[in-house]
Q: 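Here it is: the structure, laid out below.
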Amino acid sequence: MKTSKCIKPRFLILFLVLILFSCKKDVSNKTNANEKTNANSESQHPSLILTSEGVKDIRAQLGSIPIFDNTLKAVQEEIDAEIALGIEVPIPKDYSGGYTHVRHKRNWFVLQKAGLLYQILDDEKYAKYVKDMLMQYEELYKTLPLHPKTRSYARGKLFWQCLNDSNWLVYVSQAYDCIYNYLSEEERNKLETNLFRPFADHISVDSPQFYQRVHNHSTWGNAAVGMIGLVMDDQELIDRALYGIKDLKLDSKAKDDDGGFLNKDGKAGFLANIEEPFSPDGYYNEGPYYQRYAMYPFLIFAEGLHNVKPELKIFEYKDGVLLKSINALLNLSDADGDFFPLNDGQKGMSYYNNALVTAVDISYHYGEQDPGLLSIAKEQNQVLLDDSGLAVALGIKNGKAKPFDKKSINLSDGPDGTQGGVGILRNEELELVFKYAAQGSSHGHYDKLSYSLYENGEEVIQDYGLARFVNIEQKGGGNYLKENKTWAKQTIAHNTVTQNEISHFNGKYEIGSQYHSVLHYFSSENESVQVVSAKEENAYPGTEMLRTMAIIKDDEFEKPFMLDIMKVISEKSNQYDLPFYYFGQVLQTNFEYTTPQILKPLGTKNGYQHLFVEGIAKADNNSSKFSWLNNNKFYTLTTLTTTEDAMFFTRIGANDPEFNLRRDPAMLLRRKNSQNTTFVSIIESHGSYSPVSESAVNSKSSIKEIRVILDTVDYTAIAITTISDNTKIFITANTNASKEAKHNLNINNKNYEWSGSYYFK
């Protein structure tokens, strides 16, 4: 017994020694493993947008790639000036356009650019600048409540809305990636724990009404959460970005700030935001203005996913629609590169915007290296300071650029391409934009079968666009004005038919979002005669509208002209108004009109309250003519009228005491007490005026008259007689309009035979 008691302690001591040795070895192994993990982690940065391999390639090419070198020089001068001014991270208090808003917005650009400079130039001062500013943000952010401005449906902390907070994180995540290896592990932990993770949580789990839906706002939120997740190697954040927040319940009555209901069907996250808004052709349902805005987060996050998570094959998702969308967006611009202001769109936004520099460079690098994109990059005169920008710079340097050829194109709308679309007809300098699309989410307007017309980048017949002064604080804090709903979204603000002074779908988003127009036919094979035709059956219950529009080039005319046929069939008699929103100086009419001494609004609601009546006429001709001068070019509208039709000269601006609306003119044709009717109009561009020589060339219309010679359920035929007494016939098939269809028609004892959708001769 004594022996056994003595032996046990010895074995116990030996056992403890073995355990201690084992523990020491295990700790050593774990330390070595952690060091290897950290080393591997550090070797992966930068990897988000600018990659380690890209840095090597850029440094090797510096000094020999002019457009890249010039961009780099400009950015370096900009950031050096910012560094000299010092860091400013103010306490947030302003709306868009206010000082603190602008400063924080400026900071996100500066941080991203400084990070790029650190990598490309290998100059530590840029990394230190980024680190110092991020540490100031870390110190500030953990003290911030919600932003003091309360108007947004989803308030941020740095900014008055989560949207701008997301903008900040999308850019700053790139800066963080660039200086990741410069920071110590302790510094990274501090930033991620106190700044980046809480920031990502606020714009997502704390703000589901912002994050959990299909909308350009949410796309920014998804990209912000996902990009910082990629840099931090946080799979939970990456999954949240891609698929949305799981098991989330939203108030069924919750609305966004534009009046649109939030997403309740489980479709959320980055992939849903690719799947739902984009058609197979790459058209984005909110319109080109918001497509431009959304393309940056779409593409920059996609590029990060491609680099860090290549197994996702993000650029192949939905048959490569992200890259297709860039081509679609570029085709939605006029001759000057300005985007057509469909839906809520600010005029003047163009492919010179930084988001389109990103789009062009990424499309070229990850797409088929279309040489046409290089010509646009040359016009933009800058590139991204990353791998895709290098690819574009080398392409330009090697002489691969070719003109980007914008031709007539039909872009379908809806996730499956079955919800209407936008048709663009181009002939010489004339561009016709015909909208027969779906509602366009909360940014959509009530303007089925509307159009706008351009000549060489100048508006001839305009779409008003949005009622907002973006980032101009004096005008409603830079946000949407009430006139956006009372005027810009209303049907009468667009070049389409308004029935009984009521907007399409009664101006109700919930109704309008259920329906879309339907393409009847699109034909652009014949360069001399290009036609688009579409039907709308739901804007007014019991009324069907079929609009057929053509751009025609004919030897009888100096330039191509636009033909417009709007056929309306209704169950009852109505009043129909068709406006023409022109620009310029009235020259001549073939009808008499009176001008009132006191200006009064045309109506009391649905946009009519914003139209002053400046002139009133009764049509007394079958073909009423109105000519005007704009930008030293002459234009003439010839429109089919009856003696019962009224015509109004109108001007926007009534009931607008704060001058929020532009004072633009229009000619409006009104047809009362009509059940079924057809509007037929032609717009010609002709001649020119020189203020230097004071000479007017070809200032008169080439058209003598237009007539409807047949109008049935199946066909509408128009006779166009020129001043030379030559008559051209245009016939459109209203029912069987397939390309293969054969038609044989007798009109006034003359036989017309053709195959396809239309006839012109």
Side-chain angles (χ1 to χ4, degrees), residues 408 410 423 425-428 430 432 434 436 449 451 518-536 544-569 621-625 636-642 676-684 701-761:
S408 296
N410 186 55
L425 302 181
R426 291 182 166 103
N427 196 316
E428 294 183 0
L430 214 59
L432 171 70
F434 180 60
Y436 63 98
L449 308 186
Y451 79 97
V518 177
L519 179 67
H520 186 44
Y521 68 89
F522 179 86
S523 177
S524 62
E525 293 82 3
N526 182 349
E527 291 186 359
S528 296
V529 185
Q530 301 178 53
V531 190
V532 60
S533 180
K535 183 180 294 186
E536 174 55 50
E544 177 186 295
M545 296 183 288
L546 174 65
R547 193 168 204 172
T548 303
M549 306 195 75
I551 297 292
I552 299 172
K553 174 66 177 174
D554 185 81
D555 292 340
E556 291 280 319
F557 296 81
E558 176 192 356
K559 302 176 183 179
F561 64 89
M562 184 199 83
L563 171 64
D564 175 23
I565 305 169
M566 173 70 94
K567 185 177 178 64
V568 184
I569 299 174
N621 257 299
N622 287 333
S623 296
S624 294
K625 300 179 79 70
T636 299
L637 163 68
T638 305
T639 186
L640 196 68
T641 53
T642 72
N676 302 332
T677 192
T678 299
F679 294 93
V680 180
S681 305
I682 288 177
I683 293 179
E684 304 167 76
S701 166
S702 296
I703 294 176
K704 183 177 182 180
E705 68 169 356
I706 54 177
R707 292 175 294 126
V708 175
I709 57 175
L710 179 72
D711 195 15
T712 66
V713 171
D714 294 326
Y715 300 98
T716 299
I718 310 300
I720 305 167
T721 302
T722 67
I723 55 176
S724 302
D725 283 327
N726 293 322
T727 298
K728 304 287 183 176
I729 305 296
F730 181 90
I731 307 172
T732 181
N734 295 330
T735 50
N736 185 8
S738 70
K739 293 180 180 180
E740 297 76 23
K742 296 186 182 301
H743 306 272
N744 196 317
L745 193 61
N746 189 278
I747 305 175
N748 298 333
N749 298 318
K750 185 174 181 180
N751 204 57
Y752 298 90
E753 187 174 348
W754 78 96
S755 296
S757 309
Y758 68 89
Y759 170 94
F760 179 77
K761 192 170 182 180

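Small disclaimer: the values here were computed from a predicted structure and weren't measured.
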Q: Nearest 0.5 Å please: distance from the CG atom of Asn744 over to the OG atom of Ser755.
A: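 Asn744 CG to Ser755 OG: 10.0 Å, rounded to 0.5 Å.
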Q: Out of curiosity, Tyr715 OH to Ile709 CD1, how far, rounded to the nearest 0.5 Å?
A: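 Answer for the OH-CD1 pair, Tyr715 versus Ile709, is 13.5 Å.
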Q: Let me confirm one number: the OG1-NZ distance from Thr548 to Lys535, rounded to the nearest 0.5 Å.
A: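 Reported value, rounded in 0.5 Å steps: 10.0 Å.
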Q: What is the distance from atom CE of Met566 to atom CE of Met545, rounded to the nearest 0.5 Å?
A: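 Here the rounded value is 5.5 Å.
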Q: Could you check Leu430, Ile720, Asn427 and say which one makes a side-chain contact (heavy atoms from CB on, under 4.5 Å) with Phe561?
A: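 Single side-chain contact (heavy atoms from CB on, under 4.5 Å) partner of Phe561 among Leu430, Ile720, Asn427: Ile720.
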Q: Specify the closest pair of heavy atoms between Gln530 and Ser524, including all atoms of both residues, with the distance to one decimal.
A: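 Heavy atoms of Gln530 and Ser524 come nearest at OE1-CB, 3.9 Å.
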Q: Considering all heavy atoms of both residues, which atom of Tyr758 and which atom of Tyr521 are nearest to each other, and what is their separation?
A: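 Taking Tyr758 first and Tyr521 second, the nearest heavy atoms are CB-OH, 3.7 Å.
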Q: Short question: side chain of Lys625, backbone of Ile703 - any donor-acceptor pair under 3.5 Å?
A: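 Present.
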Q: Check Ile551 against Pro560 and note the closest heavy-atom contact, atom names and distance.
A: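 Result for this residue pair: CG2-CB, 4.0 Å.
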Q: Should Leu449 and Phe434 count as side-chain neighbours, where that means a heavy-atom distance under 4.5 Å?
A: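 Sidechains of Phe434 and Leu449: in contact.
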Q: May I ask you to decide if Ile706's main-chain N or O and Asn622's side chain share a donor-acceptor pair within less than 3.5 Å?
A: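 Looks like no, no N/O pair under 3.5 Å.
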Q: Which atoms form the tightest heavy-atom contact between Ala550 and Val531, and what is the distance?
A: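 Heavy atoms only, the tightest pair is CB-CG2, 3.9 Å.
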Q: What verdict does the side chain to side chain donor-acceptor pair (under 3.5 Å) test give for Thr636 and Ser701, after you've listed the backbone C-alpha separation in whole Å, the side-chain angles of each residue and the deciding distance to 0.1 Å?
A: CA-CA 6 Å; Thr636 299; Ser701 166; 4.7 Å; no
Q: Of Thr732, Ile729, Asp554, which meets side-chain contact (heavy atoms from CB on, under 4.5 Å) against Phe760?
A: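 Only match with Phe760 under side-chain contact (heavy atoms from CB on, under 4.5 Å): Asp554.
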Q: How far does CZ of Phe679 sit from CG of Leu640, to the nearest 0.5 angstrom?
A: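 That separation rounds to 10.0 Å.
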Q: Are the side chain of His520 and the backbone of Ala733 linked by a donor-acceptor contact shorter than 3.5 Å?
A: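 Side chain of His520 to backbone of Ala733, a donor-acceptor pair under 3.5 Å: yes, one is there.
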Q: When Lys704 is tested against each of Thr721, Asp725, Thr638 for side chain to side chain donor-acceptor pair (under 3.5 Å), which residue passes?
A: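 The residue from Thr721, Asp725, Thr638 that satisfies side chain to side chain donor-acceptor pair (under 3.5 Å) with Lys704 turns out to be Asp725.
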Q: Could you check whether Ser681 and Asp564, counting side-chain N and O atoms only, form a donor-acceptor pair closer than 3.5 Å?
A: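 Per modelled atom types, Asp564 and Ser681 side chains form no pair under 3.5 Å.
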Q: Ring-plane angle category for His743 and Trp754, please: parallel below 30°, perpendicular beyond 60°, tilted otherwise.
A: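 Geometry flag for Trp754 against His743: parallel rings.
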Q: Look at Lys553 together with Glu428 and state whether they make a salt bridge at an N to O cut-off of under 4.0 Å.
A: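 Yes, Lys553 and Glu428 are salt-bridged.
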Q: So for atom CG, which belongs to Asp555, do other residues, nucleotides or ligands contribute more than 12 heavy atoms lying within a distance under 6.0 Å?
A: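 No, CG of Asp555 has 12 or fewer neighbouring heavy atoms, counting only those of other groups under 6.0 Å.
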Q: So, Glu684 side chain and Ser702 main chain: donor-acceptor pair closer than 3.5 Å or not?
A: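 Yes, the answer is positive, given that a donor and an acceptor are paired below the 3.5 Å cut-off.
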Q: Among Leu637, Thr641, Thr642, find the one that has a side-chain contact (heavy atoms from CB on, under 4.5 Å) with Ser624.
A: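 Among the candidates, only Thr641 passes.
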Q: Which heavy-atom pair separates Val713 from Thr735 by the least distance, and what is that distance?
A: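 Closest approach of Val713 to Thr735: O-CG2, 3.6 Å.
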Q: Consider side-chain contact (heavy atoms from CB on, under 4.5 Å). Of Leu710, Thr712, Asp714, which one does Leu745 pass it with?
A: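 It is Leu710; the other options fail the test.
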Q: I need the Ile552 CD1 to Lys728 NZ distance, nearest 0.5 Å.
A: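 Answer rounded to 0.5 Å: 10.0 Å.
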Q: Please report the closest heavy-atom contact between Val532 and Leu519, naming both atoms and the distance.
A: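 Looking at all heavy atoms of both residues, the shortest contact is CG2-CD1, 4.2 Å.
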